Structures are given as C-alpha cells and as structure tokens.
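The shown structure was predicted, so the numbers you read here are calculated from the model rather than taken from an experiment. Hydrogens, waters and symmetry mates are skipped; everything else that's a heavy atom, side chains included, is used.
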Amino acid sequence: MIALQDVLVQYNERVILDIPELQFAEGKRYGLIGENGSGKTTLLRLLAGTLSPTRGQVTRMGADGMGYMPQNPYAFSFSVLRNVEMALDGEAERETAAREALHRVGMDELAHASGSKLSGGEAQRMAFARMIAKPRRLLLLDEPTSSTDIKGTDLIEATLLDYLQANGCTLIFSTHSPAQALRLAEEVIFLDQGRIVEQGPAKSILEVPQNERTQLFLAHWRI
C-alpha cells in the first residue's frame, strides 16, 4: 500500500502540499497534472522518501523495489553505459542488462560517450534506461519526457508501457501534457496550489472535467 494521511508540506507560511488522504493501488498507472508550483514534484519526492512532510504520515514502498527519476536526472561524467550500470551494482550480467536497457531507448551508439556531455533529451533517455534496467515494483517519474523530442517521447512511452506490462509495476508520473496523461495513465490526479482538485479515470477527467480549475487548465491544451 502507498498512502498519504493528513499530509502537509509547508515552507515558512507557504503551503506547498495539503493532502488529507490519498491512496495508490498496486499495479495501477497514475498521472499527476497541474501548473508549475501545483505540488506534483513535492508529492513525488514524498513518495520517493527524499522529502519529509511537515505533518502527517506517508506509507511508502521500500527503496529496493522503487525507482525515482527526477525531472533533471543525474548524469555523471563517466560513460553512458556506466551511468546505467549504477542501478545494477552487485548484480550478475550487469553490462548485458545495461546494454539491453540502452538499446530499448535507442542509445546503443552512445554507450561509451560521457554522460555529462549528453543533450537534455539524451540525458533523460539515459536516466530512463537506468530505471528500466531491472524489474521494479514502483516507478516514480517526474516529467520523464520534458526534454525529449517527439521521437524520444514516443520511444520512452512505448518502452514504459511494455515494461509496466512485463513487470506488473505501479507507475506514478507527473506531466504538463494532458495528452501524455491520457496515453499513459489509468487514473489522473489534478493538483492546484498544493491540493487535489479532481481525481478519477483518465478519460473522464481529461475529456469531461467537472472542476472549473481543471477546465481552465485543460482549455490551453488540445488532446
């Protein structure tokens, strides 16, 4: 069970996140949408354990079964291959698994390039390869395609859906794109000023939103 109970995150007098109750079902795909500053990244950081709430309880999955990919992923100066192998330290055949993950995101030819010299989109694909290099029970992805072009976005989305089906993995991701949320999520959570404004099946929320704030947000996008 992944859950938040009476959670508040506050910096000085500013409320960043205020969630009375929220639960995530195992094996389901959740999309977090909302404007900048709505609380999407903060929620993911709480679930990843990189941030503690000001108040309340977060029941999260153990780190061994979880993968967390921040919006600005880590890209170290050693090779792209070694960057991916970091997720596999101590495991047999780690180079083979890392190369397979890079192949799935179209980065075979960059395996020996420096990770710190990649473009923003390439760094995101490398970080995503690091996430899928081994089976996980939970993926937390913060804007996983924000720097990729259309081809890179399509590749990550297709690979992600294949990975989720193969591993029965729970997915919680943030996105500014309602179209992406519709493609990837089963359930959508719309956040506004740190609060959950609307939540439900992706198709219902994104095509027939009931809340005025959700309607205003979606009016700027064509799905």
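Scored by the side chain to side chain contact (heavy atoms under 4.5 Å, CB included) test, R82 finds F78, S79, E85, M86, D89, R94 as partners (sequence neighbours excluded).
L191 and L141 are not part of a single hydrophobic cluster, where members link through side-chain heavy atoms under 4.5 Å apart. Placement of M61 and L43 within a single hydrophobic cluster is found when ILVMFWY residues are connected by side-chain heavy-atom separations under 4.5 Å, directly or transitively. A continuous path of Ile, Leu, Val, Met, Phe, Trp and Tyr side chains, each step under 4.5 Å between heavy atoms, connects I172 with L51, placing both in one hydrophobic cluster. Following chains of ILVMFWY side-chain contacts shorter than 4.5 Å, one cannot reach L138 starting from I156, and the two form parts of different hydrophobic clusters. The cluster map of Ile, Leu, Val, Met, Phe, Trp and Tyr, joined by side-chain heavy atoms under 4.5 Å apart, puts L139 and V188 in different clusters.
Going from atom CG of L206 over to atom CD1 of I33 covers 5.0 Å, rounded to the nearest 0.5 Å. The CG atom of N167 lies 9.5 Å from the CD1 atom of I132; values are rounded to the nearest 0.5 Å. Considering CG of L22 and CD1 of I189, their distance stands at 4.5 Å, rounded to 0.5 Å. To the nearest 0.5 Å, atoms CD (Q124) and CD (E122) are separated by 11.5 Å. Here the CG atom belonging to D142 is positioned 8.5 Å from the CG atom belonging to L32, to the nearest 0.5 angstrom. Separating the CG atom in L171 from the CZ atom in R136 is a distance of 13.0 Å, to the nearest 0.5 Å.
Heavy-atom minimum distance, Q199 versus I205: C-CD1, 3.8 Å. Between P144 and S174, the closest heavy-atom pair is CD-O, 3.6 Å. The two residues A181 and F173 make their nearest non-hydrogen contact at CA-CZ, 4.0 Å. The two residues V105 and A129 make their nearest non-hydrogen contact at CG2-CB, 3.9 Å. Contact between A123 and P73 at its shortest, heavy atoms only, is O-CG, 3.9 Å. Minimum interatomic distance between G34 and F190 (heavy atoms only, all atoms of both residues): CA-CE1, 3.8 Å.
Using a 3.5 Å distance cut-off with no hydrogens or angles, the side chains of S38 and D192 do not pair a donor with an acceptor. In the model, S77 has no side-chain atom that pairs as donor or acceptor with a side-chain atom of S114 under 3.5 Å. A donor and an acceptor atom, one from each side chain of T50 and R45, are located under 3.5 Å apart. Neither side chain, T170 nor E26, offers a donor N or O lying under 3.5 Å from an acceptor on the other. Looking at Q180 and T175, their side chains do bring a donor and an acceptor atom within 3.5 Å of each other.
Considering H176, Q71, K40 as possible partners of E143, the one that fulfils the side chain to side chain donor-acceptor pair (under 3.5 Å) test is H176.
The shortest side-chain heavy-atom distance between E21 and D6 does not fall under the 4.5 Å cut-off. Contact of the V7 side chain with the Q57 side chain is not registered, since no non-hydrogen atoms from C-beta on lie closer than 4.5 Å. Between Y68 and M131, the closest side-chain pair of non-hydrogen atoms is not below 4.5 Å. Side-chain contact between L118 and M126 is present, with heavy atoms from C-beta onward closer than 4.5 Å. Within the 4.5 Å cutoff, the side chain of E207 has heavy atoms near those of the L182 side chain. With a 4.5 Å cut-off on side-chain heavy atoms, T153 and D149 do not count as touching. Side chains of I2 and Q23 form no contact here, defined as non-hydrogen atoms less than 4.5 Å apart. Inter-residue side-chain proximity for R183 and L161 is flagged as unmet; no heavy-atom pair is nearer than 4.5 Å.
Taking the six-membered ring for Trp and thresholds of 30 and 60 degrees, F24 and Y30 have ring planes more than 60 degrees apart, a perpendicular arrangement.
More than 12 heavy atoms of other residues, nucleotides or ligands shown are found within 6.0 angstrom of CD on E187. Other residues, nucleotides and ligands place no more than 12 heavy atoms under 6.0 Å from the CZ atom of R14.
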